[in-house]
Amino acid sequence: MKETLSSLMDGELSDKDAAQAMHMLGNDDQLKAAWQEYHLIGDALRGNALLHVDVREQVSVALQAEPTVLAPRSLARKPARPVARFALAASVAMAGVVGWYSWQGQQAGDPALMAQAVPTPSAQVQVVNAANQSYLDAHQDISLSDGLARASLVQPAAKGLH
Amino acid sequence: MSDRELDQQLVERAQRGEKRAFDLLVSKYQRRLSRLLSRFIRDSADIEDVTQEAFVKAYRALPSFRGESAFYTWLYRIGINTAKNFLTSAGRRPVVSSEFEDEDGESLDMASQIPDHHTPEAEMMNQQILSAVNAAVERLPEELRTAISLREMEGLSYEEIASAMNCPIGTVRSRIFRAREAIATELRPLLDTAKNKRW
């Protein structure tokens, strides 16, 4: 198996064999040790690394305190076609116009109802629930414009992961 | 599967909640990243702290990584920003006379520190590992030494090495593995001694 690991490191396995090897690597401490040693040897031979540095344990401990971040599976999303985008925008605009005229017709001449229709800030917010607020606070130094919004959050204990 | 594809696979596994996959990326890149950070930060303990922090930040930012650049290039930028924040919080002044460029050629005017001022212990450990690896390579049979050198130092593929050494690819695969195992066997006692030490 270590020979397979050696080939995996060198990018010399097929996708199928590589997936299998990675699965085994994640569940075998001896293989993980070999992974570390082989990479250390490569770094030493190339002379582009600080060989004494080993922060695996510290990082692992730090990550235990982190929520498991689950990202969407499809990473490379195809951009929407311009025609599709235009069609969507036109549909939304049309629905807005129709809705507006319809609403105007029903509410005309009733100032009390019109006053109620003004949206208040409190009705617009509350996108983030309290349970996720601490997570967002912890990650606010990282710019995740849409990435964070797309992430699903699962506490490690809840899923039994890690 | 290329090296970049392998990293991408590990990233995707980590993105699906496999923290162990991220551990493998840490194992792979920690020495290279810390070498980069040593261009900005003098103290060995600080380098390790910032390296650790950079990996944690990278983990938190994994949902934003979509594979448009290589993982290490992305990690590199996080490392640079983490070092920059560290230097700012420590009140260090950038040194104007020396500028560094990142992997994309962008000038980093925070640039700063005189490189490679490590503790004697850290420097000694570096030298011991390097000496052990070099000595082990010297003791390898010539065909193993050639195979591992062509792979690790020249970056040749197995097919290219097979062509250069006039042997089947399977033989190259075996030689490289045997070379790694022989070197690792000589390295293990040293690494066991180094465990739990803080340089």
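Letters A, B, ... are given to chains in the order of the sequence lines, protein chains preceding strands, and every chain is numbered from 1.
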Verdict with supporting geometry, H39(A) and Q30(B), side-chain contact (heavy atoms from CB on, under 4.5 Å): CA-CA 10 Å; H39(A) 277 296; Q30(B) 56 178 345; over 6 Å; no
Structural part of S149(B) lying under 4.5 Å from a heavy atom of chain A: neither
Rounded distance [0.5 Å steps], CG in L63(A) versus CZ in F22(B): 6.0 Å
Test log, rule salt bridge (charged side-chain N to carboxylate O under 4.0 Å, His left out), inputs R173(B) and E3(A): CA-CA 8 Å; R173(B) 187 184 306 273; E3(A) 186 169 341; 5.2 Å; no
Interface moiety of R13(B) toward chain A, non-hydrogen atoms closer than 4.5 Å: side chain
Side-chain touch L13(A)/M1(B), heavy atoms, less than 4.5 angstrom: no
Expected output: side-chain N126(B) to main-chain H52(A) donor-acceptor under 3.5 Å: yes
Inter-residue atom distance L24(B).CG - L25(A).CG, 0.5 Å rounding: 4.5 Å
Between CG on residue L25(B) and CZ on residue R56(A), distance to nearest 0.5 Å: 13.5 Å
Which atoms of R151(B) approach chain A - backbone, side chain, both or neither, heavy atom under 4.5 Å: side chain
Distance-minimising heavy-atom pair for L10(B) and M22(A): CD2-SD, 3.6 Å
Under 4.5 Å from any heavy atom of chain A - which part of A14(B): backbone
Listed partners of E181(B) passing side chain to side chain contact (heavy atoms under 4.5 Å, CB included), at least two apart: K2(A), Y38(A), F177(B), T185(B), R188(B)
Heavy atoms from other residues, nucleotides or ligands near CD of E159(B) exceed 12 (cutoff 6.0 Å): no
Contact class of D43(A) relative to chain B, heavy atoms under 4.5 angstrom: side chain
Shortest non-hydrogen contact between I41(A) and A184(B), atoms and distance: CD1-N, 3.7 Å
Leading residue by heavy atom contact count with chain B [cutoff under 4.5 Å; candidates K32(A), Q36(A), M9(A)]: Q36(A)
For the student: nearest non-hydrogen atoms of E37(A) and L191(B), plus distance: CG-CD1, 4.3 Å
Residue selection (most heavy-atom pairs with chain B, distance under 4.5 Å) from D17(A), D15(A), N27(A): D15(A)
Residues, nucleotides or ligands: over 12 heavy atoms within 6.0 Å of M24(A) CE: no
Contact summary for L130(B) and A44(A), nearest pair of heavy atoms: CD1-O, 3.5 Å
Side chain / backbone / both / neither for L5(A) at chain B, heavy atoms under 4.5 Å: neither
Rounded distance [0.5 Å steps], NE2 in H23(A) versus CZ in R20(B): 8.0 Å
Rounded distance [0.5 Å steps], CG in L40(A) versus CG in L190(B): 9.0 Å
For E48(B) against D54(A), the heavy-atom pair lying closest together: OE1-O, 4.4 Å
Test item: W35(A) side-chain N/O and S27(B) main-chain N/O as donor-acceptor pair under 3.5 Å: no
Chain A contact via Y29(B) - side chain, backbone, both or neither, heavy atoms under 4.5 Å: neither
K19(B) side chain to E66(A) backbone, donor-acceptor under 3.5 Å: yes
R180(B) side chain vs S6(A) backbone, donor-acceptor pair below 3.5 Å: yes
Minimum heavy-atom distance between N134(B) and L45(A), given as atom pair plus value: OD1-CD2, 4.5 Å
